[in-house]
Amino acid sequence: MRILLVEDERKIASFIERGLKEEHYVVDVAYDGENGLFMAEVNTYDLIILDIMLPGKDGMAICKELRRKKITAPILMLTAKDKLRDKVQGLNSGADDYLTKPFAFEELLARVRVLLRRKKTEKTTTLKVADLELDQLRHKVKRADKEVGLTSKEYALLEYLMLNANQIVTRTMISEHVWNEDFDSFTNVIDVHINYLRNKIEKGFKKQLLHTVRGAGYILKDPK
Ligand code: CA
């Protein structure tokens with residue numbers, strides 16, 4: 001899951017970024033409104049966390065602009081103010097939820113999870129393909145009831161493949177949802193990580209779940 005954070009206060013931005021990365025999210029950060037709007041337009045995000053008071057362009061204006069351009073990623077607004085008027089304005093401009101500073105990271109995380117789940121319109125937090133299971137709350141992966149230890153990147157990659165199970169996932173889709181802006185598309189980094197992941201989830205098992213589709217990408221499916 002890839003998240004864009006637009007926050008001009010560096011301390012708060014790095015606190016949120018660090019926390020989200022620990023939860024295996026992929027995070028891009030913009031420190032002003034113009035750049036935030038630009039990044040939200042050119043990249044594909046599963047969620048946008050948007051501060052209201054920003055230099056360049058404020059959060060409300062960005063939110064309106066994104067919705068006008070049919071960018072439907074859920075938006076969580078952050079603000080130092082807790083006046084009802086701002087809340088109403090924020091939600092009117094197209095935001096999905098609202099969080100008042102200061103807040104505990106756990107509170108932000110809870111809102112993030114709800115918004116990401118709402119997008120998927122699923123209530124379950126466990127993804128399953130054949131005997132492979134991924135628990136999105138505890139970040140645990142099991143194959144045939146045996147726990148599989150994954151790195152943060154392998155986990156994010158597997159989660160994305162499982163969310164899109166039974167359909168071809170292209171390298172472009174993977175790079176957009178599992179890597180952040182630092183991704184260099186001229187390397188074979190995705191294939192390398194797919195191989196690491198394959199080794200961990202398939203070694204010793206008869207049934208192959210993760211398949212390479214030549215010239216297209218990858219597919220995770222239950223062969224039955
Ligand atoms: Ca601010």
Side-chain angles (χ1 to χ4, degrees), residues 1-120 125 136-137 139 152-153 155-156 159-160 175-184:
M1 295 282 192
R2 186 176 176 187
I3 297 175
L4 173 64
L5 169 64
V6 190
E7 168 63 85
D8 59 311
E9 285 164 78
R10 300 259 168 177
K11 261 190 175 166
I12 298 177
S14 87
F15 157 77
I16 297 175
E17 184 187 13
R18 213 173 333 115
L20 289 174
K21 282 183 173 169
E22 277 170 19
E23 294 294 322
H24 306 281
Y25 292 108
V26 176
V27 187
D28 285 323
V29 186
Y31 298 101
D32 65 73
E34 301 284 356
N35 202 27
L37 180 60
F38 174 75
M39 284 166 78
E41 284 175 1
V42 298
N43 298 320
T44 309
Y45 293 102
D46 300 295
L47 176 88
I48 299 168
I49 301 173
L50 190 56
D51 188 29
I52 288 188
M53 302 286 278
L54 289 167
K57 208 172 196 96
D58 75 48
M60 306 258 193
I62 293 172
C63 193
K64 272 189 199 150
E65 184 92 10
L66 290 176
R67 293 307 187 225
R68 201 175 55 77
K69 291 186 171 159
K70 309 281 179 237
I71 290 168
T72 56
I75 295 176
L76 173 61
M77 289 267 208
L78 301 180
T79 184
K81 304 173 194 170
D82 64 349
K83 295 187 196 105
L84 185 65
R85 190 168 52 96
D86 291 320
K87 182 169 178 170
V88 170
Q89 272 183 0
L91 295 173
N92 278 346
S93 65
D96 298 270
D97 202 0
Y98 198 97
L99 192 57
T100 306
K101 292 176 187 174
F103 52 81
F105 181 75
E106 281 62 36
E107 196 183 346
L108 175 86
L109 189 60
R111 307 281 184 104
V112 164
R113 282 178 172 152
V114 167
L115 289 174
L116 287 172
R117 219 173 300 151
R118 197 187 291 170
K119 194 188 161 201
K120 280 190 321 214
T125 54
Q136 292 183 294
L137 278 184
H139 308 300
S152 196
K153 195 49 97 188
Y155 175 89
E159 183 184 44
Y160 186 69
S175 71
E176 283 175 352
H177 291 272
V178 184
W179 267 267
N180 71 1
E181 285 236 310
D182 305 329
F183 180 72
D184 177 357

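Counting starts at 1 for both ligands and their atoms, in listed order. All heavy atoms count here, side chains included; hydrogens, waters and symmetry mates do not.
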Do the non-hydrogen side-chain atoms of [X] and [Y] ever get within less than 4.5 Å of each other?
| X | Y | result |
| --- | --- | --- |
| Ile71 | Tyr45 | no |
| Lys101 | Asp51 | yes |
| Thr44 | Arg2 | no |

| Over 12 non-hydrogen atoms of neighbours within 6.0 angstrom of CZ in Phe103 |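 Counting other residues, nucleotides and ligands, CZ of Phe103 exceeds 12 neighbours.
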
Next on the checklist: Would you say NZ of Lys64 has more than 12 non-hydrogen atoms from neighbouring residues, nucleotides or ligands within 6.0 angstrom?
Outcome noted: no

CG (Leu78) and CZ (Arg111) are apart, to the nearest 0.5 Å, by 10.0 Å

Taken by chain and residue number, the protein N/O/S atoms under 3.0 Å from the Ca ion (ligand 1) read Asp8 OD1, Asp51 OD2, Met53 O

